[in-house]
Each structure stands twice: as structure tokens, then as C-alpha cells.
There are 2 protein chains.
Amino acid sequence: MKNNYRLTIPEHWRAMSRVFTALGDEHRQRILLLFDPGERLNVGMIAEVSTLSRSTVSHHLKVLREAGILRSEKIGKEVWYWIDRNWLLIVFGNVMDHIREST
Amino acid sequence: MKNNYRLTIPEHWRAMSRVFTALGDEHRQRILLLFDPGERLNVGMIAEVSTLSRSTVSHHLKVLREAGILRSEKIGKEVWYWIDRNWLLIVFGNVMDHIREST
DNA sequence: ATCATATGTCTAAGAACGTCGATATGTAAA
DNA sequence: TTTACATATCGACGTTCTTAGACATATGAT
């Protein structure tokens with residue numbers, strides 16, 4: 001048994017942690033499942049097909065962005081969001097590596 | 001843009017969802033990081049090195065077990081928990097496959 | 001049978017989270 | 001400049017989650 005319970009969790013672990021937390025909400029999962037490959041969507045489009053208000057969608061997008069799952073760019077009045085595929089592959093690749101090496 | 005927001009989320013997705021939710025808590029992460037490869041730990045051992053009460057540890061172990069991350073076996077008075085490595089590899093393998101194919 | 005130990009369950013309090021409407025900010029059009 | 005629109009933020013409320021102590025259950029020892 002390791003004696004690491006009280007240690008500070010390493011930063012790359014905390015990055016994974018934010019991803020897990022962000023993905024642990026059903027509405028955020030549903031939002032991510034809306035995206036076609038490489039597609040960019042703005043808040044209004046997502047709010048329209050969802051069952052949530054604009055401000056709630058905006059909140060969930062913020063959580064996903066802060067977790068690194070989404071990236072965003074403002075163009076004119078609109079903010080376009082897209083999935084950071086490469087970053088997700090890195091994060092889950094790290095998770096797989098850890099499982100293979102340490103469990 | 002897909003029009004799947006209101007659809008029922010498939011069962012294998014809900015399994016991933018439970019895993020994400022379970023891993024989105026720092027104490028549950030710390031508990032998992034205690035295990036040496038292949039090792040089995042009981043509730044008392046975990047509660048002792050943690051900063052939590054026994055009942056709280058028991059609660060977190062239940063969440064991890066219901067997510068499929070841990071398995072358990074009662075031997076005498078004690079319940080031993082271990083990480084279901086193969087299940088985790090399947091789940092995160094599915095996640096990786098989905099990212100590669102659908103993002 | 002009685003007692004001690006290990007674990008799970010229940011309950012209640014407090015913390016954290018999700019939600020929406022109102023407001024603020026920024027941008028483009030008239 | 002005024003107006004309209006897209007998004008973000010704030011404030012308030014209700015819900016869910018986390019937590020610990022009390023209690024219940026199960027097992028083994030005396």
C-alpha cells in the first residue's frame with residue numbers, strides 16, 4: 001500500500017481531474033455529443049437544441065473550456081466553441097498509460 | 001451539428017459517465033492512488049491513512065464499486081477492495097476510440 | 001450466548017453545484 | 001449615437017453531494 005494519501009496531487013493529475021469532473025455531468029456530455037468532427041458551434045445554437053437556458057449553457061461551456069475539453073474564439077458578436085481533440089487524446093492517453101503501468 | 005441532444009444516452013455511455021463522476025472527486029482519486037499493482041485493501045486500512053471517517057470512506061468505496069472501478073470480496077469480517085484494471089482499460093479504450101472516430 | 005471487531009446504512013447539517021432571470025459587456029447595424 | 005443582438009456574469013434559489021456520528025448487521029472469538 002502506498003503512503004501517498006496526504007501528498008499534493010501532481011499537476012498533470014489535476015488536469016485529468018478537471019476533465020473527469022467536467023465529463024461527469026449529463027448535460028455537458030450531451031453538449032459534447034452535438035459536435036460533428038471538427039465542427040464549431042456557438043452558444044445560441046447549442047442553447048436552441050438543448051433543454052437549458054442560454055446562461056446555463058454558457059456556464060457548462062465555461063466548465064468544459066476550463067477543463068481544456070473545448071476551446072473558443074470570438075468572431076463578431078458570437079463565440080464559437082470546438083472540441084480540442086488532440087488535448088483529449090493526450091489526457092486519456094496518460095490515463096491509459098497510468099492504468100497499464102500502475103494498476 | 002448532430003440533433004441528438006434529447007435522445008437517451010446509450011448504456012455504454014452511461015457506464016463511462018458513472019466512471020467520470022466517480023473519478024471527479026479528489027478523495028476518490030486519492031483512494032485509488034493508494035493501491036499498489038494488483039493489491040487488495042480493506043476499508044479500515046484506507047480509513048486509517050486517509051483524512052476521512054470510516055463511514056465516509058465506505059461511501060466513496062461504494063461509489064467507486066458502483067462505477068465498476070473497484071471490485072470487492074468479503075472474507076471473514078473484512079471486505080477487500082481492488083481495482084478492476086481490465087474494466088478501466090475497456091472503458092477508457094472506448095473513450096479513446098470515440099475521440100478518434102467522432103471528433 | 002456474549003462480546004468485540006469490521007463494515008454498511010441512515011440521518012442531518014453544511015458545502016458545492018445546477019439553474020434561470022436580470023444585468024453588464026462587447027459588437028455590429030441603422 | 002442609438003439600437004439590436006450574442007454572450008458572459010451576477011444573484012438567488014433549489015437540488016445534490018459530502019461528511020460524520022449513531023445505529024444496524026455480520027462475523028469470529030471467548
Side-chain angles (χ1 to χ4, degrees), chain A residues 1 5-6 9 14 16-35 39-83, chain B residues 1 5-6 9 14 16-35 39-83:
Chain A
M1 182 184 191
Y5 196 91
R6 291 148 199 264
I9 291 186
R14 307 203 59 252
M16 294 185 211
S17 176
R18 280 190 295 274
V19 171
F20 293 140
T21 303
L23 294 180
D25 178 90
E26 181 169 325
H27 283 295
R28 291 194 284 268
Q29 295 166 20
R30 290 181 181 275
I31 288 171
L32 291 175
L33 292 172
L34 288 175
F35 287 81
E39 189 178 31
R40 296 185 177 203
L41 302 175
N42 64 45
V43 182
M45 298 166 73
I46 296 170
E48 189 152 3
V49 300
S50 81
T51 57
L52 303 170
S53 71
R54 282 170 181 267
S55 64
T56 301
V57 170
S58 186
H59 162 71
H60 286 311
L61 292 172
K62 181 181 182 182
V63 173
L64 289 166
R65 183 165 45 74
E66 289 178 347
I69 299 168
L70 294 181
R71 299 175 65 80
S72 65
E73 184 186 8
K74 183 166 189 172
I75 299 180
K77 283 180 291 194
E78 292 157 339
V79 178
W80 296 85
Y81 286 86
W82 67 95
I83 294 176
Chain B
M1 181 185 192
Y5 195 91
R6 291 148 198 264
I9 291 187
R14 308 204 60 251
M16 295 186 210
S17 177
R18 280 192 294 274
V19 171
F20 292 141
T21 303
L23 294 179
D25 177 90
E26 181 169 324
H27 283 294
R28 289 193 284 267
Q29 295 167 18
R30 290 181 181 276
I31 288 172
L32 291 174
L33 292 172
L34 287 175
F35 287 81
E39 189 179 32
R40 297 185 176 200
L41 302 175
N42 63 48
V43 182
M45 297 167 73
I46 296 171
E48 188 151 3
V49 300
S50 80
T51 58
L52 303 170
S53 71
R54 282 169 180 269
S55 66
T56 301
V57 169
S58 186
H59 162 72
H60 286 311
L61 292 172
K62 181 181 181 181
V63 173
L64 290 167
R65 183 166 45 74
E66 288 178 348
I69 299 169
L70 294 181
R71 299 176 66 81
S72 65
E73 182 186 10
K74 184 167 188 172
I75 301 181
K77 282 181 292 193
E78 292 156 338
V79 177
W80 296 86
Y81 286 86
W82 67 95
I83 294 175

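Letters go in sequence order (proteins before strands), and every chain restarts at 1.
- Checking each of B:Lys74, B:Glu39, B:Arg40 against B:Trp80 for a side chain to side chain contact (heavy atoms under 4.5 Å, CB included) leaves exactly one that passes, namely B:Arg40.
- Map A:His60 and A:Gly76 each onto its nearest nucleotide of DNA chain C; the residue landing nearer the 5' end is A:His60.
- Contact annotation: the side chain of B:His27 approaches that of A:Tyr5 to within less than 4.5 Å [non-hydrogen atoms, C-beta and beyond].
- Ranking D:dT18, C:dA6, C:dG8 by closeness to the B:Val43 side chain, first place goes to C:dG8.
- With rounding to the nearest 0.5 Å, the separation of CD1 in A:Ile46 from CD1 in A:Ile31 is 6.0 Å.
- At a threshold of 4.0 angstrom between heavy atoms, the contacts of B:Arg28 are confined to the sugar-phosphate backbone, with no base atom among them.
- Mapped onto DNA chain D by nearest heavy atom, A:Lys77 and A:Ser58 fall at different nucleotides, with A:Lys77 at the one closer to the 5' end.
- Contact check, A:Asn42 against D:dT7: a side-chain N or O comes under 4.0 Å of OP1 or OP2.
- Atom CD of B:Gln29 and atom P of D:dT18 are 12 Å apart (whole Å).
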Side-chain donor/acceptor pairs under 3.5 Å, residues 55-64 of chain B, sequence neighbours excluded:
{"unit_1": "B:Ser55", "atom_1": "OG", "unit_2": "B:Ser53", "atom_2": "OG", "d": "3.3"}
{"unit_1": "B:Thr56", "atom_1": "OG1", "unit_2": "B:Ser53", "atom_2": "OG", "d": "2.9"}
{"unit_1": "B:His60", "atom_1": "ND1", "unit_2": "B:Arg28", "atom_2": "NH1", "d": "3.1"}

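- One can place CZ of B:Arg54 at 16 Å from P of C:dT9, the figure rounded to the nearest angstrom.
- Between the C1' atom of D:dT19 and the NZ atom of B:Lys62 lies a distance of 15 Å, rounded to the nearest Å.
- Atom pair A:Leu64:CG and D:dA8:C1' shows a separation of 16 Å (rounding to whole Å applied).
- At most 12 heavy atoms of other shown residues, nucleotides or ligands fall within 6.0 angstrom of atom CD in B:Glu48.
- For A:Ile31 and C:dG18, the CD1 to C1' distance is 12 Å, given to the nearest whole Å.
- Rounded to a whole Å, the CD atom of A:Glu73 is 13 Å from the P atom of D:dT7.
- The nucleotide whose nearest atom lies closest to any side-chain atom of B:Ser55 is, among C:dT9, C:dG18, C:dA6, C:dT9.
- Of all nucleotides listed (D:dA26, C:dT27, D:dA20), C:dT27 comes nearest to the side chain of A:Lys74.
- Applying the 4.0 Å criterion to OP1 and OP2 of C:dC17, one finds that A:His59 has every side-chain N and O outside that range.
- The distance between atom NE2 of B:His27 and atom P of D:dT18, rounded to the nearest whole Å, is 10 Å.
- One finds a side-chain N or O of A:Thr56 lying less than 4.0 angstrom from the OP1 or OP2 phosphate oxygen of C:dC20.
- Across the protein-nucleic acid pair, B:Glu26 atom CD and D:dT18 atom P stand 12 Å apart, rounded to whole Å.
- For the OP1/OP2 pair of D:dA8 and a distance below 4.0 Å, the side-chain nitrogens and oxygens of A:Tyr81 include at least one atom meeting the criterion.
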